[in-house]
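Residue numbers run from 1 in the order of the sequence given. Numbering of ligands and ligand atoms starts at 1, following listing order. On a predicted model such as this, the values are computed, not experimentally measured, just so you know.
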Amino acid sequence: MDLGIRGRKALLSGSSRGLGKACALALAQEGVDITLVARTRDVLERTADELRATGVKVTPVVGDISTTQGREAALAACPAPDILVNNADGRLPGDFRTWTRDDWISALDTMMLSHIEMMRLTVDGMMARGFGRIINIVSRSVKIPQHELALSNGARSGLVGFVGGLARQTVARNVTINNLLPGIFDSDAQRQHIRGMLETTGKSFDDIWRERAAANPARRYGRPDELGAYCAFLCSDHAGFITGQNLLIDGGSYPGTY
Ligand SMILES: NC(=O)c1ccc[n+]([C@@H]2O[C@H](COP(=O)([O-])OP(=O)(O)OC[C@H]3O[C@@H](n4cnc5c(N)ncnc54)[C@H](OP(=O)(O)O)[C@@H]3O)[C@@H](O)[C@H]2O)c1
């Protein structure tokens, strides 16, 4: 299927590794010019080189998207994106009794407010141009609270609640906004998450790794390229009637029918 987005411009934060990188690669393979944002220069530049092999224009931007400077640098490199993919770090497991107000503010900045700010800075231009696709990489935690990830349960729920309202105000101008909710994926963040569970569970890394896969109906972790392909379709010309949705990609781990 031709996704009909060749020549469009995409701005993706959190895109040098893992799920964000997979989204960037899937879009580049469809002929979309790519601006990548991440904090670690060498990894970012390696990823940019990989993406250039697809033949599209790739612009790497070193920056922290949870800061004003990071967002300004991203938009200076790609001032009028047709496609915006918002992604950044999650938070490690912990107990809410130990978290301070600053911990919460930092989680809100990374998982909610920076995404909202990027939408504020781009959505009106998309509406004026008559095309826009915004994807937020969120987490299944907004549908299946993860006990050890209360910062994520809380901050990400704020994001999807906000998107539910905004998405209905932009779709008539062909600007859609959807949230992708990953379950367990084979990525650096997954490994970091498991390392954060070693102390409280007393289990080994390998045992937890295996148990998490075994508990999933698919009996495995998702591959980042599977999420990248989903993202690219949602960013396509064909997906203009899909908006305001919280879309699980989790091997069936969400146990409900609806
Ligand atoms: N993997 C899973 O199973 C899973 C499941 C549910 C939800 N999620 C969530 O999905 C998101 C992506 O996960 P992942 O597995 O792809 O993570 P990952 O493999 O650790 O990759 C994260 C990417 O984001 C960049 N990044 C992180 N914070 C950033 C910031 N503040 N500004 C700019 N770039 C930033 C990282 O590069 P630098 O570090 O160099 O900046 C890297 O490119 C995370 O929020 C994660 O919590 C993941």
Under a strict 4.0 Å criterion on non-hydrogen atoms, which protein residues are in contact with ligand 1?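 The answer is Gly14, Ser15, Ser16, Arg17, Gly18, Leu19, Val37, Ala38, Arg39, Thr40, Gly63, Asp64, Ile65, Asn87, Ala88, Asp89, Gly90, Ile137, Val138, Ser139, Arg156, Pro182, Gly183, Ile184, Phe185, Ser187, Asp188, Ala189, Gln190, counting any residue whose heavy atom sits under 4.0 Å from ligand 1.
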If you measure from the Lys or Arg side-chain nitrogens to the Asp or Glu carboxylate oxygens, is any gap between Glu211 and Lys203 under 4.0 Å?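 Salt bridge: yes.
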Hey, are Arg41 and Glu45 close enough for a salt bridge, meaning a charged N less than 4.0 Å from a carboxylate O?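 A salt bridge is present here (some side-chain N lies under 4.0 Å from a carboxylate O).
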Residue pairs fulfilling side chain to side chain donor-acceptor pair (under 3.5 Å) with at least one residue in residues 188-198, sequence neighbours excluded: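 Qualifying pairs, neighbours excluded: Arg17-Asp188, Glu148-His193, Asp186-Arg191, Gln190-Arg212.
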With sequence neighbours excluded, tell me which residues meet side-chain contact (heavy atoms from CB on, under 4.5 Å) with Met112.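 Listed in chain order: Leu108, Ile116, Leu159.
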Looking only at side-chain N and O atoms, does Asp206 offer a donor or acceptor that is under 3.5 Å from a partner on Ser204?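 There is no such pair between these side chains.
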By the ring-ring contact (aromatic ring centres under 6.0 Å, His included) test, which pairs, at least two apart or in different chains, include something from residues 218-252?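 Counting only pairs at least two positions apart or across chains, the ring-ring contact (aromatic ring centres under 6.0 Å, His included) contacts touching residues 218-252 are Trp209-Tyr221.
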